Structure formats: structure tokens, C-alpha cells
Amino acid sequence: MRPPASRPREHPRLVVVGNPANRRVAYFRDAVRRAGLPEARVEPWLDVLRGGARFHAGETVRLESPGEDPDVDRILRGTDDPTRVEGTGRWYAEFTAATARLARSVGEAGAELVDDPAEAAVLFDKRLSHARLSEALVPVPLSPTSGADAPPVRGWADVRASMAATGLRRVFVKLAHGSSASGVLAVETNGAGRVQATTSVERAPDGRLFNSLRVRRYTTEREVAAVVDALAPDGLHIERWLPKAVQGGRAADLRVVVIDGRATHAVVRTSRSPMTNLHLGGARGDLGAVRAAVSAAGGRWSDALDVCERAAGAFPGMRCVGVDLLPAVGWRRFAVGEVNAFGDLLPGLTGLPGSGAEGLDTYAAQVAALLRDSPSRTAGSRTAGNRTTGNRTADPTHATSPTDPTRATSPTSPTGSTRTTRTTRTTGTSPTP
């Protein structure tokens with residue numbers, strides 16, 4: 001008797017919530033086509049924010065960054081000028097409320113989300129995500145603002161007091177809900193009390209703040225205080241600024257993409273400024289040279305990737321994150337600066353050897369992961385723990401030192417799309433995804 005023919009597996013019907021003209025949406029839809037799947041439907045962020053988005057039973061819904069659209073930005077941040085820095089507090093409140101409504105709509109329609117919006121809400125608050133990483137014993141820079149119970153930073157006086165209380169002379173002051181290095185200041189003090197800050201924030205004569213493509217330096221405490229005081233109403237996060245390893249005379253860090261618990265893609269970013277973001281003048285470095293430097297220092301490249309996988313494991317509701325990995329001077333130890341919900345924008349970069357994503361860019365690798373899914377796998381159902389990762393097992397006992405942030409390195413980097421920036425006047429120094 002002939003056995004019954006097996007039914008062909010149904011392909012997911014994919015929907016991407018994004019800005020239709022955005023390159024992220026285009027990259028994902030291209031990856032879907034290359035995989036031989038039906039065209040991914042686009043649900044515009046504008047429709048989501050205005051309450052007009054519609055979903056259908058059986059659809060799998062992916063959220064893309066809402067960045068790089070002036071109409072969406074106007075709703076989220078309440079400004080007509082996309083180059084303005086202010087408004088991230090409102091952006092966060094509007095974004096998290098919108099994604100919570102979207103999650104209800106998706107569930108009521110019988111569709112499912114790829115990622116858990118509640119996890120994205122943690123990732124888009126640097127204070128909460130820092131605490132999550134610390135609780136998971138992932139090495140992170142020391143922070144006096146980590147966690148929901150940390151005292152708020154109301155302005156420069158609080159930054160000064162926090163630095164004095166912790167004995168820190170070099171810190172990063174970041175917008176709690178910022179991305180792409182917007183509103184980040186690398187602040188330094190010396191024994192004589194002199195203060196200076198390196199940042200991409202341009203302060204206009206009337207006190208308004210703008211994103212700039214040029215990294216500049218404010219060299220008086222009065223100037224630094226004015227910028228910090230203007231940023232403070234949106235919420236601030238403070239982290240120890242730790243010295244980074246160097247490649248070719250430039251500070252270096254890495255963006256590592258982790259998909260379903262496995263580190264799949266990595267890019268080295270180098271800069272002469274504290275911010276390595278590529279849109280601020282940072283440059284891609286040599287990954288082979290990094291691996292060689294780690295080995296020469298007596299370390300293991302697999303340990304660096306394990307740190308990233310453990311960081312991603314602290315957010316089990318996210319299928320894909322971008323981890324900013326900070327190598328300490330000497331290339332022996334690593335810390336995590338940030339984990340980015342939309343950290344996969346690395347065009348043309350293919351997967352690491354042994355990752356299972358060889359020959360695939362970050363979007364194609366995510367589509368392949370969706371195709372490997374069981375039919376009823378839902379956002380947030382994945383659990384963290386030891387994972388087999390290609391030729392590696394992410395065993396915490398093999399990971400780089402989890403606790404001592406003084407042995408780690410410095411932060412940087414984005415969580416979302418690059419915001420529109422100003423090509424500004426001169427003064428300042430060099431520039432950094």
C-alpha cells in the first residue's frame with residue numbers, strides 16, 4: 001500500500017511594517033523574493049500610527065525601523081525638522097504605545113509577530129536594557145543610571161554629581177531613547193576640574209540642538225552643561241567611557257548581528273573619535289585582523305561571539321538584534337555597549353564562516369530563519385540558554401569575563417535608522433552604524 005503523500009509545507013505569508021520607500025523595507029522584500037517566497041506585503045508606519053493598519057489570519061508580521069520618513073517622524077517626535085535632536089522622550093512614548101496597539105491588532109487578526117514589542121521597548125530604553133544585560137551577567141560598562149529604579153538625570157548638575165560619587169572622569173552621556181549616536185556626548189574631566197565633550201550635537205545660538213555629520217568638541221563646562229541641560233528632559237543614561245582597542249591607529253569596535261541566538265554577521269568599525277558610527281565618518285575595519293589580534297593576545301574569537309550571543313539571549317523575544325561589541329585595549333576582553341532592535345542594516349555583508357549564514361546578507365539570513373520555523377512559533381516563545389552555534393556551543397563558562405566593566409571597553413552606536421543630519425559649519429574634529 002502506497003504511503004500517503006506528505007503535504008507540502010506552507011510558506012509564511014510575510015508582512016513588513018515599515019516606511020514603503022525605506023531601503024530597509026526594500027532589502028527585506030528583495031530577500032523574500034530571492035528565497036522564492038510570495039511578495040512581502042508592506043503595511044506603512046503611517047497607517048499604523050493613524051490606526052488604519054490591517055492584518056489577516058496566518059500572516060507573519062515583521063517590524064522595521066520607523067526612521068527616515070519626515071511624516072512618521074513628525075507624529076512620533078512632534079517636530080517638523082528631522083535634524084532636531086530633541087523629542088526622543090515623546091518618540092519613545094508614541095512608538096511603544098503604537099507597537100502595543102499593533103500587537104493587539106495582529107493577535108486579534110490571527111496573525112503573529114516576528115518580534116515581541118515589549119522586548120523592543122526595553123531595547124529602546126538604554127537604562128532598562130543595560131540593567132537587563134547586567135542581570136544576565138553580560139559584561140557592560142559601569143552605569144549609575146542602570147535600571148528602572150535609578151535616579152533620573154535632570155541636567156548637568158546631576159551628571160557632575162554622579163561622576164563625583166562614582167569616581168568616573170570619563171563617561172558617555174546618552175539620550176535614553178536615542179539611536180545612531182544622536183545626542184551622545186563623550187565627556188572628560190581632569191584633576192583640575194576642566195571639562196570637555198566630544199559629540200555630533202550642534203547647538204544653535206538660540207539653544208536648539210541639531211544632529212550633525214561632523215563630530216565636534218565643546219571645550220568649556222558652560223558649553224557642555226548647556227547641551228546636557230537641553231537633552232535632559234528626554235531622559236539621559238550615563239556609562240563609564242572605557243578605552244577601546246585600536247586598529248590602524250583608530251579606535252575600533254564591532255557590530256555583530258545575532259539571529260535566533262547565533263552570531264551570523266560582524267563588521268569592524270574604526271574612528272579617530274569616540275563614536276565609530278559609519279555615518280559620522282567611521283570606517284569599516286579588517287575583521288581578519290581583529291581575529292588575528294584576539295588570537296595573538298591569547299584570546300579566542302569564539303569567546304567574543306559568545307558574549308554577543310549571551311547579550312542577545314537576554315532579549316529572548318527578539319529574533320534578530322545588532323550587538324555593539326567593545327574590545328578592550330589589548331584585544332583580550334570584551335563588553336557590550338548596546339543591543340539594537342534594528343541593528344541589521346549592513347548592506348552587502350555576508351555571514352561569518354560556520355554561522356550557517358555563509359553567502360547570505362543579514363536580511364536573507366533572517367528570511368532563511370523564518371523558513372526554518374515550526375508553523376506555530378510565536379514572538380517571545382523562544383527561550384535563552386546554552387545554544388549550539390555552528391561549530392561552537394555558547395557555554396557561559398567559556399565566555400569572556402562577565403562582570404568587570406573596568407576591563408572592558410567603550411560604548412557607541414545605533415539602534416535604529418540614521419536620522420537626517422545637518423552638514424554643518426566647521427570646528428570640531430573627526431567623526432561613526
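Every value quoted in this text rests on a predicted model; they were computed, and no experiment measured them. The basis for the numbers below is simple: all heavy atoms, side chains too, and nothing from hydrogens, waters or symmetry mates.
Annotation: the span from Arg291 atom CZ to Leu305 atom CG amounts to 7.5 Å, rounded to 0.5 Å.
Between Ile75 and Arg90, the closest heavy-atom pair is O-NH2, 3.0 Å. Considering all non-hydrogen atoms of both residues, Val323 and Cys308 come closest at CG2-O, 3.8 Å. Considering all non-hydrogen atoms of both residues, Cys320 and Gln366 come closest at CB-OE1, 3.3 Å. His265 and Ala365 get closest at one heavy-atom pair: CE1-CB, 3.7 Å. Contact record, Ala266 with Leu287: O-CD2, 4.0 Å, taken as the closest heavy-atom pair. Considering all non-hydrogen atoms of both residues, Val227 and Leu209 come closest at O-CD1, 4.0 Å.
For Ser143 and Thr145, the side-chain atoms include at least one donor-acceptor pair closer than 3.5 Å. No side-chain N or O of Arg101 forms a donor-acceptor pair with one of Ser105 less than 3.5 Å apart. Residues Asp81 and Thr79 bring no donor and acceptor atom of their side chains to less than 3.5 Å of each other. Checked by atom type, the side-chain pair Thr88/His177 shows no donor-acceptor distance below 3.5 Å. Between the side chains of Ser182 and Asn211, at least one donor N or O sits under 3.5 Å from an acceptor N or O.
Within the structure, every pair that satisfies the ring pair (Phe, Tyr, Trp, His ring centres under 6.0 Å) test and touches residues 32-77, not counting sequence neighbours, is listed here: Trp45-Phe95.
Using a 4.0 Å cut-off between a side-chain N of Lys or Arg and a carboxylate O of Asp or Glu, Lys126 and Glu239 do not qualify as a salt bridge. For Glu309 and Arg262, the salt-bridge test fails: no basic side-chain N is under 4.0 Å from an acidic carboxylate O. The pair Glu43-Arg41 meets the salt-bridge criterion, with a side-chain N (NZ, NE, NH1 or NH2) lying under 4.0 Å from an Asp/Glu carboxylate O. Salt bridge absent: Glu59 and Arg54 never bring a charged side-chain N and a carboxylate O closer than 4.0 Å. The pair Arg208-Glu86 does not meet the salt-bridge criterion, since no charged nitrogen lies less than 4.0 angstrom from a carboxylate oxygen. We find that Arg33 and Asp30 are joined by a salt bridge, their nearest charged nitrogen and carboxylate oxygen being less than 4.0 Å apart.
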Steps toward side-chain contact (heavy atoms from CB on, under 4.5 Å) verdict (Leu175, Leu236)
CA-CA 5 Å; Leu175 284 169; Leu236 294 176; 4.2 Å; yes
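The only member of Arg255, Arg23, Arg62, Arg319 that meets salt bridge (Lys or Arg N to Asp or Glu O under 4.0 Å) when paired with Asp344 is Arg62.
For the pair Leu242/Leu326, no side-chain contact is recorded, criterion being any heavy-atom separation below 4.5 Å from C-beta on. Annotation: side chain of Val246 is not in contact with side chain of Val329 (no heavy-atom distance under 4.5 Å).
Using bins of under 30°, 30° to 60° and over 60° for the plane-to-plane angle, the ring pair Tyr363/Phe28 lands in the perpendicular bin.
For the side chain to side chain donor-acceptor pair (under 3.5 Å) test, no residue two or more places apart in sequence or in another chain qualifies with Glu108.
Cation-pi geometry between Arg203 and Phe210 is not met at under 6.0 angstrom from the ring centre and within 45 degrees of the axis.
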